[in-house]
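Right, one structure below, let's go through it.
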Amino acid sequence: MGIGTPGAISPATGLIKNANSTWLNGKPLARDLQRLIEREARFANDADCFALSEATDGAGAGAAVVFGVILGTGVGGGIVVDGRAVSGPNAICGEWGHNPLPWPAADELPGPDCYCGRAGCIETFVSGPALARDHQAASGSELDSREIAEMAEEGDPAAEATLQRYELRLARSLAGVINILDPDVIVLGGGLSNLTRLYERVPRLWDPFVFSDRVDTRLVPPRHGDSSGVRGAAWLGGS
Ligand SMILES: [Zn+2]
């Protein structure tokens, strides 16, 4: 059995850490679950599961290096190289969401407080709730990200401006990942991956921030959508 969770199981303690479902942190989820189901289970971060699913037979199939991104209530990431999810000694591989927003403008500093204890994390700018909060701060209207996208499509200038701020922040944040990992493909997942304009606009914005004469990394929507988390968990169990 494969199980995807938010955060990760600390290799040092066996307890959950880093979950934005913060009530899981410090709890022996793996031990408790394995006792209840009475069989071996493999656990991985949910964004790692998403990346594994999309890299195996999804939007990143055939690519050597895939960065899978969750843009939802939180911001996570997973890295798959040659078909294998990379973990690392701290089990935090791909966790770009709690790096600071790169190349911040003066009005982006110090940035919103984050549940991790710092301020100005990428997650506090490019998650779904962050997009809604940014729009409310700028325009005064309380809308969710889907409503903001609809209004932008209808030509609402405030909604359009919010999405343009969002796209530039996402482009800078992904440029930071490209500079370190140089992935062939970046697959977006989570609720904001439904914003189809991101796939065309963000790659046009990231060039000045990537240390390269040109950027051939592809930014693509997921093939398996919301199913990719559980599909990736199943791949864990089957591999
Ligand atoms: Zn944070």
Side-chain (S127) to main-chain (T124) donor-acceptor, under 3.5 angstrom: no
Answer yes or no: are there more than 12 heavy-atom neighbours, outside E153 itself, under 6.0 Å from its atom CD? no
Residue pair S228, C49: steps toward the side-chain contact (heavy atoms from CB on, under 4.5 Å) verdict: CA-CA 7 Å; S228 250; C49 291; over 6 Å; no
Here the gap from N20 atom CG to N25 atom CG, rounded to the nearest 0.5 Å, amounts to 9.0 Å
Hey, does the side chain of W96 reach the backbone of G76 with a donor-acceptor pair shorter than 3.5 angstrom? yes
Give a yes or no answer on whether the side chain of E54 reaches the backbone of H224 with a donor-acceptor pair at less than 3.5 Å. yes
Would you give the length of the straight line joining atom NE2 of H135 to atom CG of D144, rounded to the nearest 0.5 angstrom? 10.5 Å
Within one Ile-Leu-Val-Met-Phe-Trp-Tyr cluster: I178 and V86, side-chain cutoff 4.5 Å: yes
Rounded distance [0.5 Å steps], CD1 in I186 versus CG in L219: 6.0 Å
Test L174 against V202 for side-chain contact (heavy atoms from CB on, under 4.5 Å), laying out the working first. CA-CA 9 Å; L174 290 175; V202 171; 4.2 Å; yes
E167 and L170: side-chain contact (heavy atoms from CB on, under 4.5 Å), yes or no, with the steps? CA-CA 5 Å; E167 286 156 357; L170 183 59; 5.7 Å; no
Check V80 against A55 and note the closest heavy-atom contact, atom names and distance. CG1-CB, 3.6 Å
Kindly say whether L29 contributes a backbone atom to a donor-acceptor pair with the side chain of D32 at under 3.5 angstrom? no
So, does R42 use its side chain to make a donor-acceptor pair with the main chain of L236 at under 3.5 Å? yes
Before giving the answer on salt bridge (charged side-chain N to carboxylate O under 4.0 Å, His left out), spell out for D82 and R84 the whole-Å C-alpha distance, their side-chain angles and the decisive distance to 0.1 Å. CA-CA 6 Å; D82 295 332; R84 293 185 68 88; over 6 Å; no
With a 4.5 Å limit on heavy-atom distance, are the side chains of F43 and Q34 in contact? yes
Side-chain (Y115) to main-chain (T22) donor-acceptor, under 3.5 angstrom: no
Charged N-O contact under 4.0 Å between D134 and R165: yes
Under 3.5 Å: donor-acceptor pair, side chain of S212, backbone of V215: no
Does R201 come within less than 4.0 Å of E160, counting only side-chain N to carboxylate O? yes
Distance (rounded to the nearest 0.5 Å) between L188 CG and L198 CG: 6.5 Å
Return yes when atom CG of N99 has more than 12 non-hydrogen atoms of other residues, nucleotides or ligands closer than 6.0 Å, and no otherwise. yes
Report the distance from atom CZ of R172 to atom CG of L101, rounding to the nearest 0.5 Å. 5.0 Å
Output for pair (H98 NE2, N18 CG), nearest 0.5 Å, gives 7.5 Å
Would a distance-only check, ignoring hydrogens and angles, find a side-chain to backbone donor-acceptor pair under 3.5 Å from Y199 to S193? yes
Where the side chain of N45 meets the backbone of G7, is there a donor-acceptor pair that is under 3.5 Å apart? yes
Is it the case that atom CZ in R133 sees more than 12 heavy atoms from other parts of the structure closer than 6.0 Å? yes
